Amino acid sequence: MDVVEEAGRSITELINQGIEFYSASPQYFYTKLAELKLQMIETATLDANKRARILAENSGNKIGKLKRATLGVFQIVGQNSGEDFSWGGTFNTFSRKKTAHITVKLEYLVD
C-alpha cells in the first residue's frame, strides 16, 4: 500500500512533464469483512446481554428469555475522521485506517 500511495503522490511530476492520463485516489477495502462482521455481532451481543443483566440486577430483577434481537446497520468510517453515521450504513473506502461499528438491540422478558 505504501508503494501505491507514493506513486499517487508522484503523479503531479508526470503531469508537469506533459504526460497525460487519468488518475483517482486509491480505495482501500478490507478483505475479511464477512469474518469481522460475525466477530463484531458476537462481541456486541455479549456486551448487550451483560448490560441488560446489570440493569435488571440493579433494579432487583433478572432477565428472562430473549424476546427480540435486532441488528443495526454496519458502519465503517475513517479512523478519527469525524464522519457522520448514515441511516443506511457507511462504508468508507478512501481512508487506509478504518473503524467499524455495529449496533445490536436485545429485548428480554423480565422475571
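Model, not experiment: these values are computed from the prediction.
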Q.
Can you pull out every side chain to side chain donor-acceptor pair (under 3.5 Å) where at least one residue sits in residues 32-48? Sequence neighbours excluded, please.
A.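 Listed once each, the pairs are Asp47-Arg51.
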
Q.
Suppose the criterion is side chain to side chain donor-acceptor pair (under 3.5 Å): which pairs have a residue in residues 70-80, not counting sequence neighbours?
A.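 Residue pairs with at least one partner in residues 70-80: Gln75-Thr90.
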
Q. With sequence neighbours excluded, what pairs up with Arg96 under the salt bridge (Lys or Arg N to Asp or Glu O under 4.0 Å) test?
A.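 For Arg96, the residues satisfying salt bridge (Lys or Arg N to Asp or Glu O under 4.0 Å) (neighbours in sequence not counted) are Asp2, Glu5.
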
Q. To which residues is Leu38 joined in a hydrophobic cluster, defined by side-chain heavy-atom contacts under 4.5 Å among Ile, Leu, Val, Met, Phe, Trp and Tyr, whether direct or through other members?
A.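 Hydrophobic cluster check, Leu38: no partners found.
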
Q | Members besides Val77 in its Ile/Leu/Val/Met/Phe/Trp/Tyr cluster (side-chain heavy atoms under 4.5 Å) | A |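 Other cluster members: none.
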
Is [Y] reachable from [X] through a run of hydrophobic residues whose side-chain heavy atoms are each under 4.5 Å from the next?
X     : Y      : answer
Ile54 : Leu106 : no
Met40 : Val73  : no
Leu46 : Leu66  : no

Q | Pairs flagged by ring-ring contact (aromatic ring centres under 6.0 Å, His included) wherever residues 25-77 is involved - sequence neighbours left out | A |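 Qualifying pairs, neighbours excluded: none.
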
Q: Using the ring-ring contact (aromatic ring centres under 6.0 Å, His included) rule, collect all pairs that involve residues 89-111, keeping only residues at least two apart or in two chains.
A: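 The answer is Phe85-His101.
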
(Q) Please find the pair of heavy atoms, one from Ile102 and one from Gly72, that lie closest to each other, and give the distance. (A)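 The answer is CG1-O, 4.2 Å.
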
Q: Mind listing the closest non-hydrogen atom pair of Gly78 and Ser95 along with its distance?
A: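 That closest heavy-atom pairing would be CA-OG, 3.5 Å.
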
Q) Is there a side-chain contact between Ile63 and Val110, using heavy atoms and a 4.5 Å cut-off? A)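 No, too far: nothing below the 4.5 Å cut-off.
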
Kindly write out the residues that satisfy side-chain hydrogen bond (donor to acceptor under 3.5 Å, both in side chains) with [X], not counting sequence neighbours, or none if the list is empty.
X      : result
Thr93  : none
Thr103 : none
Ser59  : Asn61

Q) Which residue pairs satisfy the salt bridge (charged side-chain N to carboxylate O under 4.0 Å, His left out) criterion with at least one member in residues 62-77, sequence neighbours excluded? A)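 Qualifying pairs: Arg68-Glu107.
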
Q.
Is it the case that the side chain of Lys98 and the backbone of Asn92 share a donor-acceptor pair, with hydrogens and angles ignored and the cut-off at 3.5 Å?
A.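 Between the backbone of Asn92 and the side chain of Lys98 there is a qualifying donor-acceptor contact (under 3.5 Å).
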
Q. Residues two or more places apart in sequence or in another chain: which of them pass side chain to side chain contact (heavy atoms under 4.5 Å, CB included) with Leu55?
A.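 Leu55 satisfies side chain to side chain contact (heavy atoms under 4.5 Å, CB included) with no residue once adjacent residues are dropped.
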
